[in-house]
Amino acid sequence: MQKELPKRFDHKKLEPLIYKEWEKSGYFNPDKLPARHKEPFCILMPPPNANDPLHIGHALFVSLEDTMTRYARMRGKKALWLPGMDHAGFETQIVYEKKLQKQGRSRLEMSREEFYKEVWDYTQKNRDTVRNQLKKLGSSCDWSRETFTLDAKIIKTVYKTFKDMHGAGLIYRDERLINYCVKHQTAFSELEIKHKEQDDTLYFIKYGPVEVATVRPETIFGDTAVAVNPNDKRYKKYIGKEIEADLIIEKRKLRVVADKEVDPKFGTGALKITPAHDAADYEMWLRHKKDIGAPIQTIGKDGRLNEKTGKYKGMKILEAREAVAYDLQKRGLLKKTEAYKHAVSVCYKCENTIEPMLMKQWFVDIKPLTSPAVDAVKKGKIKIMPPSQRKVYLHWMLNIKDWNISRQNWWGIEIPAWKCVSCTSTNENEKWIITDGEKPEKCPECENTKLERDPDVFDTWFSSGQWPFATLDWPKGKDFKTFYPTDIMETGYDILFFWVARQIMLGLYKTGKVPFKTVYLHGLVRDKDRQKMSKSKGNVIDPLGTVEEYGADALRMALIVGNSIGKDPVISEEKIRGYRNFSTKLWNVTRFLLLNSKDNKLPLSPEYDATDKKILAEFDKTAKKVTDFIEKYEYWNAAETAYHYAWHTFADKVLENSKSVITGENEKNKITRLSMLIHVWGQTLKILHPFAPFVTEELYGHLPLKNKKLLLVEEWPSGNAKKNK
RNA sequence: GGGCGCUUAGCUCAGUUGGCUAGAGCGACUCGUUUACACCGAGUAGGUCGGGGGUUCGAGCCCCUCAGCGCCCACCA
């Protein structure tokens with residue numbers, strides 16, 4: 001006997017109960033699914049950072065990935081959506097240092113161990129929060145497999161990869177000019193720097209017999225040469241000769257070299273070379289190494305001028321710039337200045353100017369990894385969606401640079417490399433011992449036991465790049481054999497290079513197989529005025545607050561419908577409210593059917609008439625359409641089609657037109673029609689379930705149907721749709 | 001400087017190999033308290049598909065060109 005439904009879906013009360021029921025069923029775990037679920041299907045959740053609650057972007061990936069997973073599960077797949085959380089190395093360190101600062105504390109007053117312990121506890125607390133939030137959004141992921149990026153098995157895999165790649169010559173240590181943020185005091189890869197237009201001053205300085213132009217007069221103490229264009233008549237006579245320049249603190253002899261990269265039309269056409277503090281100059285130095293002096297480092301990691309700068313020692317960069325310019329002018333060396341607008345590299349996090357710094361770091365020799373990664377995409381082993389991003393990926397791969405994986409942070413996976421103090425006599429002949437993570441007892445060559453661990457940690461993306469095979473227990477785990485390669489990598493296009501590309505390269509390198517077959521890249525969530533959401537603009541939509549007010553289904557529908565791939569999704573409260581109304585509609589349709597069927601014996605063996613058959617056929621057509629859209633990854637169209645059918649076809653037309661039959665005198669017709677309607681409605685709830693799981697599950701539970709299961713594992717009404725390929 | 005993309009109703013967007021009287025949601029307007037639902041129903045208005053040119057029997061969809069917008073990449077001091 002069905003109880004009469006209230007007028008509305010009480011999402012606050014019911015959603016948690018429904019989620020509990022799903023969890024109790026065990027079906028989130030592919031190993032516990034009924035026997036019909038055979039063919040494996042797997043999505044790895046992009047692990048949210050365990051340093052902050054979820055934001056709307058997370059809700060977007062949950063909506064998409066949960067939809068994908070639920071569809072696959074209903075379709076009879078052995079579906080695994082593996083959840084994870086990210087320690088998020090550098091990001092978390094910044095977050096936690098800010099917290100410390102608010103408490104009047106600082107990392108620098110703590111030992112590395114104390115700091116690590118505190119951040120560990122902090123991330124574990126956040127993991128609980130994030131896990132609960134993911135549940136509130138309806139995530140049907142297998143919690144028994146939840147993985148943290150610092151779990152022992154992940155670290156073990158990362159160490160092994162590092163050691164193997166080092167052994168294969170794919171990882172090397174070298175001193176190079178790297179991107180260094182003076183504020184965060186760490187190196188970055190190319191991807192963590194941005195370019196920003198900036199207004200600067202171009203200083204024209206008398207430089208012995210010539211004149212040079214620079215925006216950074218404070219670096220003159222590190223000058224080792226002058227470069228001119230080989231075809232520049234003005235300077236031809238100096239090429240190969242030495243000139244003497246007044247560098248304030250000393251007079252220095254500098255070789256003039258010819259390099260075609262020098263633009264004779266820019267500035268004076270003569271360029272001072274400061275290889276230790278300018279990327280272009282460094283490249284120039286590499287080309288003329290044998291002719292010109294070695295780089296002279298004159299700025300320290302603290303962003304202040306060092307002992308090689310005489311009286312300027314201790315000054316900050318900008319301070320020194322003014323002081324040097326002033327002194328140059330006093331000596332009559334500053335000829336003129338010009339306003340100059342150009343792009344400078346800045347830290348992606350704090351937007352401070354990146355200071356190029358000569359440092360020894362671990363690098364991945366990336367080129368050998370790119371050709372398999374390019375082939376996999378070109379040959380269709382990996383399909384990247386939208387197609388425009390495929391082009392971006394291929395283009396990036398062509399212009400890729402060696403990857404600096406060393407970071408001067410405390411929070412992260414420590415690099416398993418030890419330096420033998422006795423074998424290492426100079427900066428040039430460092431002797432490193434790489435292990436699986438354990439500290440080596442002694443140096444294998446000199447047997448000395450005095451070993452120093454590299455204090456650096458890995459770039460977080462080096463470890464997350466190994467996520468697919470690490471989480472699935474490569475090489476021998478059961479999950480690896482069952483679920484690798486995974487089916488879909490669903491994530492934001494903003495981490496195409498950071499994460500997706502690296503997963504492809506490292507996955508192919510380690511396992512010989514692609515880590516996933518399809519890449520689905522969603523956009524950045526915008527507000528209704530197409531603005532990026534940010535706390536300072538005050539236009540953020542808090543996903544959990546929205547779930548409280550309108551229900552998870554409403555939020556999920558709003559994030560999926562109308563948001564085609566390749567465009568930044570737009571969401572607004574009005575839109576969410578609209579889909580909350582949709583939940584109510586579904587609720588009331590069910591209510592109406594139940595009110596009318598409570599005194600009738602249902603279902604009957606159906607003898608459908610022409611009208612019934614037409615209704616059934618129309619549903620089949622809809623189900624087929626929805627299925628085809630999903631198979632083409634067009635979730636926005638699939639959801640809209642199902643939505644439109646439920647509301648504007650089934651409720652507005654089918655149900656309205658059936659009222660006369662239902663209230664009519666003919667008992668048999670009445671019962672036939674009702675059982676048909678209830679059947680079709682049950683099917684409708686099925687095609688809506690991946691998008692709006694909670695309300696559909698609840699309502700399905702109330703329908704008087706035979707052999708019902710949880711909607712979660714009901715069979716997808718495929719219509720005549722094409723089978724997934 | 002290089003690359004990618006966008007421009008369709010007031011707003012946000014669909015429109016996949018060229019064949020439609022160009023659609024949806026929200027918004028606007030007009031009616032409407034009928035055995036579910038006002039978080040509702042019935043209906044109406046609203047578009048020279050950014051401009052120009054071309055291919056074609058036929059173009060929102062293909063080609064050329066112009067304009068505007070956005071994103072990514074990038075060592076010219």
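The chains referred to below are lettered A, B, ... by the order of the sequence lines, with proteins before strands, and numbering in each begins at 1.
- Residue Lys653(A) is out of contact with every strand shown, counting any heavy-atom pair closer than 4.0 Å.
- At a cut-off of 3.5 Å, with distance as the only test, no side-chain donor of Thr684(A) or Tyr645(A) sits close to an acceptor on the other residue.
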Please set out all donor-acceptor pairs under 3.5 angstrom arising from side-chain atoms of residues 546-557 of chain A, sequence neighbours excluded.
from, atom 1, to, atom 2, distance (Å)
Thr546(A), OG1, Asp542(A), O, 2.8
Tyr550(A), OH, Glu573(A), OE2, 2.7
Tyr550(A), OH, Arg577(A), NE, 3.4
Asp553(A), OD1, Phe694(A), N, 3.0
Asp553(A), OD2, Val695(A), N, 2.7
Arg556(A), NE, Phe691(A), O, 3.4
Arg556(A), NH1, Asp66(A), OD2, 2.8
Arg556(A), NH1, Leu137(A), O, 2.9
Arg556(A), NH2, Asp66(A), OD2, 2.9
Arg556(A), NH2, Pro690(A), O, 3.0

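- Within the nucleic acid shown, Phe497(A) comes within 4.0 Å of sugar-phosphate atoms alone, with no base atom in reach, counting heavy atoms only.
- Val561(A) comes within contact range of no nucleotide atom at all, as no heavy-atom separation falls under 4.0 Å.
- For the pair Lys194(A) and Tyr348(A), the cation-pi test (distance below 6.0 Å, angle within 45°) is failed.
- Rounded to whole Å, the C1' atom of C20(B) lies 15 Å from the corresponding atom of U8(B).
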Problem - Nucleotide-resolved protein contact map, nucleotides 31-38 of chain B, B/S/- at heavy-atom distance under 4.0 Å - result: ----BBBS
Practice task
Could you go through the side chain to side chain contact (heavy atoms under 4.5 Å, CB included) check for Tyr393(A) and Leu496(A) one step at a time?
Solution key: CA-CA 7 Å; Tyr393(A) 167 90; Leu496(A) 174 61; 4.2 Å; yes
Problem - Heavy-atom protein contacts under 4.0 Å, nucleotides 15-29 of chain B, coded B base, S sugar-phosphate only, - none - result: -B-------SS----
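- The C1' atoms of A14(B) and A22(B) are separated by 11 Å, rounded to the nearest whole Å.
- With rounding to whole Å, Ile273(A) atom CD1 is found 14 Å from C76(B) atom P.
- Counting any heavy atom pair closer than 4.0 Å across all strands shown, Tyr340(A) reaches sugar-phosphate atoms only and no base atom.
- Taking the ring axis of Phe619(A) as reference, the NZ or CZ atom of Lys624(A) does not stay both within 45° of it and closer than 6.0 Å to the ring centre.
- No more than 12 heavy-atom neighbours from other residues, nucleotides or ligands sit within 6.0 angstrom of NZ on Lys378(A).
- Comparing the same atom, C1', in U35(B) and in G19(B) gives a spacing of 47 Å after rounding to whole Å.
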